[in-house]
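Working notes for the structure below.
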There are 2 protein chains.
Amino acid sequence: MYGTYHKETTMAVLRNYPADLDPRVIDVIGRVADKWTMIVLDVLSEHGELRFSKLAQLASGISQKMLTQTVRQLERDGLVIRTIHPVIPPKVEYRLTDLGVSLAEALCGVWVWAAHNVDRIAASRRNYDNRSGD
Amino acid sequence: MYGTYHKETTMAVLRNYPADLDPRVIDVIGRVADKWTMIVLDVLSEHGELRFSKLAQLASGISQKMLTQTVRQLERDGLVIRTIHPVIPPKVEYRLTDLGVSLAEALCGVWVWAAHNVDRIAASRRNYDNRSGD
DNA sequence: GTGCCTACTTCCCAACGGTAACCGGCAATT
DNA sequence: AATTGCCGGTTACCGTTGGGAAGTAGGCAC
């Protein structure tokens, strides 16, 4: 395929379109499969309604920019409700919708898996890196 | 925090370290929460052992570069086994380890959720975008 | 010698994410 | 009156990541 005579690369070209994975589902997965998205959802599901700054404190290491961007996407996708209280100084609260709660539940299994297998993964990495270091 | 007098941004600074989320677990989540990782794991769990090119065909839209990179990471983390058959032309096969299978099972719930809620999310986005377009 | 096969690697460029600074609007302090 | 502080954001800059396309290895078929 790719080589001197092959003018296109993305493997969509040689594929006979297996119709295996629905592109709309892929798109949703692309949104969900994001580190900050998963962390924000997890924090909100554990702590309930939170203000911006509190959410920032609990979502380990996130920058303001990414937090704003992440919650905006979640709001757009109907996973989070953003409530603006018109006071000075500003007060904005975030909480999961029912849809957001259902996603958080689905993601829970992944968090449990990760917590349960941290050591195994770390061991595998050490092993791999040692073999490479020959 | 951030402002004229604030010299640092990443919110780790103002945080009193809630010790809520284990950084090692966060790291694992950071690896798993990746579009191509999730797709490759899904394809391998559905089709069993696959060659590089077949995997590329089934993983909708992935580039060679990202496929190579993704399977290398999965191999390093002990989720995938990479078997090189020393023949010409080259033949390399990939399959999930038991650990990889267990992760694919945990991710299955997310795929089901995504497939089940595609329409709801699309509707929410249309709604959000229309309100913005005032 | 030229073409071909597969699984990569490399180059270039566009998009993403982090860092840190700036903003708005009002109230309390100096 | 001017400065400081509060909170939830933008904005500018810049290094890293990811995509597209072409190049590579190395042996076999023509």
Side-chain angles (χ1 to χ4, degrees), chain A residues 1-15 26 30-31 33-40 49-75 80-95 132, chain B residues 1-15 26 30-31 33-40 49-75 80-95 132:
Chain A
M1 248 315 140
Y2 357 83
T4 316
Y5 358 106
H6 317 314
K7 298 307 177 196
E8 314 192 36
T9 294
T10 309
M11 312 204 174
V13 180
L14 85 143
R15 159 186 336 143
I26 294 280
R31 281 292 174 84
D34 171 76
K35 182 184 173 184
W36 296 128
T37 298
M38 285 195 59
I39 290 176
V40 167
E49 195 169 37
L50 290 173
R51 302 182 61 168
F52 183 86
S53 49
K54 190 68 184 172
L55 192 47
Q57 287 170 32
L58 295 170
S60 190
I62 197 170
S63 67
Q64 297 181 347
K65 188 174 129 182
M66 284 313 294
L67 181 54
T68 306
Q69 188 174 308
T70 302
V71 292
R72 283 300 193 298
Q73 277 176 179
L74 291 173
E75 187 192 7
V80 157
I81 292 180
R82 181 164 167 266
T83 311
I84 306 169
H85 299 93
V87 295
I88 298 292
K91 179 173 180 180
V92 182
E93 288 181 316
Y94 298 91
R95 66 187 158 86
S132 308
Chain B
M1 247 315 134
Y2 359 82
T4 316
Y5 357 111
H6 317 315
K7 297 309 178 196
E8 313 192 36
T9 293
T10 310
M11 312 206 173
V13 181
L14 85 143
R15 158 185 335 143
I26 294 281
R31 282 291 174 83
D34 172 76
K35 181 183 172 184
W36 296 128
T37 299
M38 285 196 57
I39 291 176
V40 167
E49 195 167 38
L50 291 173
R51 302 182 60 168
F52 184 87
S53 50
K54 191 68 184 171
L55 191 48
Q57 289 170 33
L58 295 170
S60 187
I62 197 171
S63 67
Q64 298 181 344
K65 187 174 127 182
M66 284 311 296
L67 180 55
T68 306
Q69 189 174 307
T70 302
V71 291
R72 281 301 194 299
Q73 278 176 178
L74 291 173
E75 187 193 7
V80 156
I81 291 180
R82 181 162 167 266
T83 312
I84 305 167
H85 301 279
V87 296
I88 300 292
K91 180 176 181 179
V92 181
E93 287 181 316
Y94 298 91
R95 67 188 160 85
S132 307

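Scored by the salt bridge (Lys or Arg N to Asp or Glu O under 4.0 Å) test, B/Arg31 finds B/Asp77 as partners (sequence neighbours excluded).
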Tell me, with the steps shown, if B/Arg82 and B/Leu74 meet side chain to side chain contact (heavy atoms under 4.5 Å, CB included). CA-CA 10 Å; B/Arg82 181 162 167 266; B/Leu74 291 173; over 6 Å; no
Step-by-step side chain to side chain contact (heavy atoms under 4.5 Å, CB included) determination, B/Asp34 to B/Gln73: CA-CA 12 Å; B/Asp34 172 76; B/Gln73 278 176 178; 5.7 Å; no
Evaluate the side chain to side chain contact (heavy atoms under 4.5 Å, CB included) criterion for residues A/Glu49 and A/Ile81: first the C-alpha distance (whole Å), next the side-chain angles of each, then the deciding distance (0.1 Å), finally the verdict. CA-CA 9 Å; A/Glu49 195 169 37; A/Ile81 292 180; over 6 Å; no
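Not one side-chain nitrogen or oxygen of B/Gln64 sits closer than 4.0 Å to the OP1 or OP2 atom of C/dT9.
Across D/dG8, C/dT9, D/dG19, the shortest atom-to-atom separation from the side chain of B/Trp36 is found for D/dG19. Of the candidate nucleotides D/dT10, C/dT6, C/dC8, C/dC8 has the atom lying nearest to any side-chain atom of B/Tyr94. Among the nucleotides C/dC8, C/dG18, D/dG9, the one closest to the side chain of A/Lys65 is C/dG18. Considering only side-chain atoms of A/Ser53, the nucleotide from C/dA7, D/dG8, C/dT9 that sits closest is D/dG8. Comparing C/dG18, C/dG17, C/dA7 by their closest approach to the side chain of B/Arg51 singles out C/dA7.
Separation of atoms OG1 (A/Thr83) and CD (A/Glu75) is listed at 9.0 Å; rounding is to 0.5 Å. Once rounded to the nearest 0.5 Å, the distance linking CD1 of B/Ile26 with CE of A/Met38 reads 9.5 Å. Distance check, rounded to the nearest 0.5 Å: CG of A/Leu67 to OH of A/Tyr94 gives 7.0 Å. Here the CD atom belonging to A/Glu93 is positioned 8.5 Å from the CG atom belonging to A/Leu50, to the nearest 0.5 angstrom.
B/Ala56 and B/Ile62 get closest at one heavy-atom pair: O-CG2, 4.2 Å.
Distance B/Gln73 CD to D/dG18 C1': 12 Å, rounded to the nearest Å. The CD1 atom of B/Ile62 sits 11 Å away from the P atom of D/dG20 (whole-angstrom rounding). The interatomic distance linking A/Ile84 (CD1) with D/dC7 (P) rounds to 17 Å, in whole Å. The CG atom of B/Asp34 sits 10 Å away from the C1' atom of D/dG18 (whole-angstrom rounding). One atom, CD1 of A/Ile39, and another, P of C/dG17, lie 13 Å apart when rounded to the nearest Å. The distance from atom NZ of B/Lys54 to atom C1' of C/dA7 is 17 Å, rounded to the nearest whole Å. The distance between atom CE of B/Met66 and atom P of C/dA15, rounded to the nearest whole Å, is 17 Å. Put simply, CZ on B/Arg82 is 17 Å from P on C/dT6, counting in whole angstrom units.
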Sub-3.5 Å pairs of nitrogen or oxygen atoms, protein against nucleotides 24-30 of chain C:
none

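Relative to the axis of its first five pairs, the axis of the last five pairs of the helix from C/dG1-D/dC30 to C/dT30-D/dA1 sits at 40°, rounded to 10 degrees.
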